[in-house]
Amino acid sequence: MFVNWFYNKKVSIYSHSYDSDNKDVFNRDIYTLKQENVYVDIQPSSDKKIYETYGYKVECTKVVYSSTKFDESDIILYDDKTYKITAIIPWDDYYISAIVEKKVDLNEE
C-alpha cells in the first residue's frame, strides 16, 4: 500500500442519480455529496499511457490513486473542477481511477 503521505490531495466525491419526481420529458441529473475530504494522489496521465500500461481504451487526463473505491458514475471535485471517472483499476490494496474533466452542475447553492 502507498504510504499515507502520498495521499496529499483532498477531493470530494459526488454520486449521480436522476430526478425521478420530475414530470418533464427529460430527466434532470442530480449530484449528491457522497464523501468529503477524501485524501488521494492525483497525477497527470493520458489516453495513451492508460492504454499502454493497463490496456484500457478510455479518455484520460489524470489518474487518481486511492484506498477508497469509487463508482464509475461518481464525479470527483478537485481544485474547483469536476471530473468524471472513465475507468477504475483495482491494484493490490488500492485503486487507480482514470479521470477526465467534465463540466457538471453539482446542484450546490
Side-chain angles (χ1 to χ4, degrees):
M1 180 173 154
F2 282 123
V3 179
N4 285 342
W5 54 268
F6 279 115
Y7 295 141
N8 60 355
K9 310 275 190 310
K10 238 189 317 190
V11 300
S12 294
I13 308 302
Y14 288 79
S15 61
H16 175 261
S17 62
Y18 293 104
D19 183 356
S20 58
D21 294 331
N22 190 347
K23 295 183 182 15
D24 294 335
V25 175
F26 299 103
N27 288 329
R28 187 173 72 112
D29 292 320
I30 302 293
Y31 298 94
T32 307
L33 182 62
K34 186 175 178 180
Q35 291 179 282
E36 200 170 24
N37 299 323
V38 178
Y39 284 91
V40 300
D41 181 32
I42 297 179
Q43 298 294 324
S45 192
S46 68
D47 305 3
K48 183 179 177 182
K49 284 182 186 178
I50 292 295
Y51 180 69
E52 289 174 350
T53 306
Y54 304 106
Y56 287 78
K57 288 186 177 184
V58 295
E59 289 182 273
C60 179
T61 55
K62 297 182 187 310
V63 290
V64 176
Y65 300 90
S66 69
S67 56
T68 303
K69 184 178 184 209
F70 307 124
D71 295 319
E72 283 195 26
S73 61
D74 288 344
I75 296 295
I76 295 175
L77 176 63
Y78 169 66
D79 201 22
D80 293 324
K81 294 180 183 173
T82 51
Y83 296 85
K84 74 175 183 173
I85 299 171
T86 57
I88 299 172
I89 305 157
W91 194 262
D92 291 337
D93 59 351
Y94 61 95
Y95 299 91
I96 303 163
S97 299
I99 63 173
V100 64
E101 189 172 347
K102 177 184 179 184
K103 283 227 182 253
V104 170
D105 179 6
L106 295 175
N107 315 106
E108 295 182 318
E109 296 177 14

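Predicted, not measured: the structure shown is a model, and the values here were computed from it.
A perpendicular orientation is assigned to the rings of W91 and Y54, their planes being inclined by more than 60° (bins at 30° and 60°).
Within the 4.5 Å cutoff, side-chain heavy atoms of I89 are placed close to those of Y56. Residues L77 and Y14 form a side-chain contact, since some pair of their non-hydrogen atoms from C-beta on lies under 4.5 Å apart. V104 has its side chain within reach of Y31: a pair of non-hydrogen atoms, C-beta onward, lies under 4.5 Å apart. For the pair I75/I13, no side-chain contact is recorded, criterion being any heavy-atom separation below 4.5 Å from C-beta on. Looking only at side-chain heavy atoms (C-beta outward), V11 and I42 come within less than 4.5 Å of each other. Looking at S45 and K62, their side chains never come closer than 4.5 Å, going by heavy atoms from C-beta outward. Proximity of V64 to F70: side-chain heavy atoms (C-beta onward) are separated by under 4.5 Å at one or more points. A 4.5 Å side-chain heavy-atom check between H16 and I30 finds every atom pair outside the cut-off.
Legend: residues meeting side-chain hydrogen bond (donor to acceptor under 3.5 Å, both in side chains) with Q43, ordered by chain and number and at least two apart, are D41.
The structure places CD of E59 at 14.0 Å from CD1 of I85, a figure rounded to the nearest 0.5 Å. Separation of atoms OG (S12) and CG (L33) is listed at 5.5 Å; rounding is to 0.5 Å.
Heavy atoms only, all atoms of each residue included: Y94 and Y7 are closest at CB-OH, 3.8 Å. Scanning all heavy atoms of the two residues, the minimum distance from S97 to I88 falls at OG-CG1, 3.9 Å.
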>> Walk me through whether K10 and V38 qualify under side chain to side chain contact (heavy atoms under 4.5 Å, CB included).
In response: CA-CA 5 Å; K10 238 189 317 190; V38 178; over 6 Å; no
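Grouping Ile, Leu, Val, Met, Phe, Trp and Tyr by side-chain contacts under 4.5 Å, direct or through others, leaves V100 on its own.
T86 places no side-chain N or O within donor-acceptor distance of the main-chain N or O of C60, the cut-off being under 3.5 Å.
A side chain to side chain donor-acceptor pair (under 3.5 Å) check over residues 69-84, counting only residues at least two apart or in different chains, returns the pairs K34-D71, K34-D74.
Two different hydrophobic clusters hold I99 and Y65 under the rule that ILVMFWY side chains link at heavy-atom gaps under 4.5 Å.
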